[in-house]
Every structure is written in structure tokens, then in C-alpha cells.
2 protein chains.
Amino acid sequence: METKETEIMATLPAVRPILEQIANKWAILVLTFVCDKPQRFNVIKRRLDGITQKALTETLRRLERNGLVARRVIPVSPVAVEYSITKLGRTLQDPFAALYDWSVTHQSEIEKAQSQFDAFATASKGCGNLEGNFEGPTA
Amino acid sequence: METKETEIMATLPAVRPILEQIANKWAILVLTFVCDKPQRFNVIKRRLDGITQKALTETLRRLERNGLVARRVIPVSPVAVEYSITKLGRTLQDPFAALYDWSVTHQSEIEKAQSQFDAFATASKGCGNLEGNFEGPTA
DNA sequence: CCGTATCCTAAATGATACTG
DNA sequence: CAGTATCATTTAGGATACGG
């Protein structure tokens, strides 16, 4: 059955640039933050503790350009800007939440896999006398 | 109700590095490709038409390090290497598929939003005589 | 407060050549 | 075939300063 494979190959050229836009860490987190209610620039920035002004500005611009969040300038002084999720953005809420939840749920498994991999990589570094000290898998 | 917000803030530090690992274009596409059956390096490379050897190697290594795909060397000559999805990787199959499907489904909406945004941005560039030629939103 | 502009450094990417 | 290594170039990221 090659239906699935063929389908992927057919849609791939269109999907690729879109994933490029939406499938990144900051986009997911920022969209998650504005899901409940409109949020101001510096509130998001403080919550994402560590993101630079530049990175946040770029992320918000890209989200806005793709129609996922709306930008609203409130003409007080000093100016206030509110970012809110759009109707289109709402359709991404569940997929993003699934990814977020997956990260929470499988955190320890990921970490375990990482340390195993890293342990192996380290062991293979100075492998000159390794075969003398280490008995390989006997299975 | 701040339960949701509080929960996000509590899990955020752990989730961030994980999203950093998994939420990127190549990882999603590569994992999608090995979902059905084990795939060899150059098969994946050809399908992802355009990805460089280096980028694919790095993506596969990261997936392997995080326990999402398994690498199996088949000692024939010339050597063959097969990449297959792991049990942990399977748990990501649905979230990734949701993202992929979203991209297919909302492709035209994204493109529409992009051209609107870009048209506005272009119009604002040389805005010297703009107010004379353009009637702003009357709503 | 919410950005943009600039400068600088670090990292990602690409092309090319080489190895088991 | 499946990589690693190297280098050259582009791009991202951070720090700072300034403007609306």
C-alpha cells in the first residue's frame, strides 16, 4: 500500500515552507501564551524569560504575517500593544497543545535516551584500549 | 482562573529544551518518513529532495539521541544503514501528523494572510504620498 | 512601552573532498 | 553507501543605543 507515501510526496512541497514557519520553539510557546487572552509585548517577554526583544519581535511578526495572531496598538502614552490569537490561530491550538503535552509526558524518557546516547558517544571517544577493558554486548 | 497559566509557567523550563529538539521542520518530516517502515539514509535524502547530507545526518543523530529513531547498520558492502521509528517515536506520530495535516488543510489561508501582510508592508514603504492615493479603512 | 537600527559574535548551512 | 572533515558564506542571536 503506497497511498500514504504517495500522498506525502504530493503534499510535501507545499507543507515544507509552512512547517518552516510554524514548527519552531518560540512560535509554539508564544501562541500558547496568547491563547487565553490578549497579551502585551512585555508580558509575553517576561514570561518567556530569556527571549530577547529582537527574537520576540520577529516571532510575533511571523505569527502575524501568517495570520495566526493579531496585533492591536492601543494609543495611550506610552503606547501599549496587545497580541491576540486569531480564528486561524485557534485551529493550531490543539496541535500545539498536543506537542506541549507530549513534552511534559515524555520528558524523563527523552532524558534517559539522551544520557544513554551520550554515555556511548563518550565511551567511543578514546577507544584505543577499549576492547581490552570493555566487553561488548554478548547478546 | 489561573490554573492553566500557572501550569504552563511550572512546566515551561522543562518543555523548552524538548521543543527545541523536536519542534523543527526536518525532524517532523524525517520522522514521518520512517513511520511506515525502516528507511535507508539515501532514500530519505532523495525524498527530502534538497536536504544536504550534513543536515540529514544531524537530524537523524538528534532523533536517535532523543530515542525517537533507531539506527541499524547492515554489514554488507557497501554498507547499508536503516533508520526505523522507536516505540517512543511512535508516540509522536499523531502529534506530528496533526501538524502535517494542519499545514495541508490551511495552506491557502496561510498564503492569503501572507500576501495581505506583505501588500501592507510594501505599501507602507514609500508612504510619502500614500494618504493622497489611499483611503484608509472606513469601518 | 514598544519597538527599530546597529554592531558583533556564534551558529547554521552549503559545497567539496575524502574514507571505510 | 553512508558518512566525516574542512572551509567559506550566510544567517541567527545577543547587547546596546536610540526613536515614536
To the nearest 0.5 angstrom, please state how far the [atom1] atom of [X] sits from the [atom2] atom of [Y].
{"X": "B:Asp36", "Y": "B:Ser84", "atom1": "CG", "atom2": "OG", "value": "12.5 Å"}
{"X": "B:Leu68", "Y": "B:Ile22", "atom1": "CG", "atom2": "CD1", "value": "7.5 Å"}
{"X": "B:Arg62", "Y": "B:Thr59", "atom1": "CZ", "atom2": "OG1", "value": "5.0 Å"}

Integer-rounded Å distance: [N] [atom2] and [X] [atom1]:
{"X": "B:Trp26", "N": "C:dG14", "atom1": "CH2", "atom2": "C1'", "answer": "13 Å"}
{"X": "A:Glu20", "N": "D:dT11", "atom1": "CD", "atom2": "P", "answer": "12 Å"}
{"X": "B:Arg62", "N": "C:dA11", "atom1": "CZ", "atom2": "P", "answer": "15 Å"}
{"X": "A:Ile51", "N": "D:dA12", "atom1": "CD1", "atom2": "C1'", "answer": "13 Å"}
{"X": "B:Asn24", "N": "D:dT11", "atom1": "CG", "atom2": "P", "answer": "19 Å"}
{"X": "A:Arg61", "N": "C:dT4", "atom1": "CZ", "atom2": "C1'", "answer": "10 Å"}
{"X": "A:Glu58", "N": "D:dA15", "atom1": "CD", "atom2": "P", "answer": "14 Å"}
{"X": "B:Glu82", "N": "D:dA2", "atom1": "CD", "atom2": "C1'", "answer": "13 Å"}

Would you check if the side chain of A:Asp94 reaches a backbone N or O of A:Thr91 as a donor-acceptor pair within less than 3.5 Å?
no
Taking any heavy-atom pair under 4.0 Å as a contact, classify B:Gln53: base, sugar-phosphate, or nothing.
base
Mapping B:Arg46 and B:Thr57 to their closest nucleotides on DNA chain D, which lands nearer the 5' end?
B:Arg46
Answer yes or no: does a side-chain N or O of [X] lie under 4.0 Å from OP1 or OP2 of [N]?
{"X": "B:Arg71", "N": "D:dG3", "value": "yes"}
{"X": "A:Tyr83", "N": "C:dG3", "value": "yes"}
{"X": "A:Arg40", "N": "C:dC2", "value": "yes"}

Should B:Glu82 and B:Arg72 count as an ion pair when the cut-off is N to O under 4.0 Å?
yes
Measure from the side-chain heavy atoms of [X] and tell me the nearest of [options].
{"X": "B:Lys54", "options": "C:dG14, D:dA15, D:dG3", "answer": "C:dG14"}
{"X": "A:Val81", "options": "C:dA15, D:dA2, C:dG3", "answer": "C:dG3"}
{"X": "A:Val79", "options": "D:dT6, C:dT4, D:dG20", "answer": "D:dG20"}

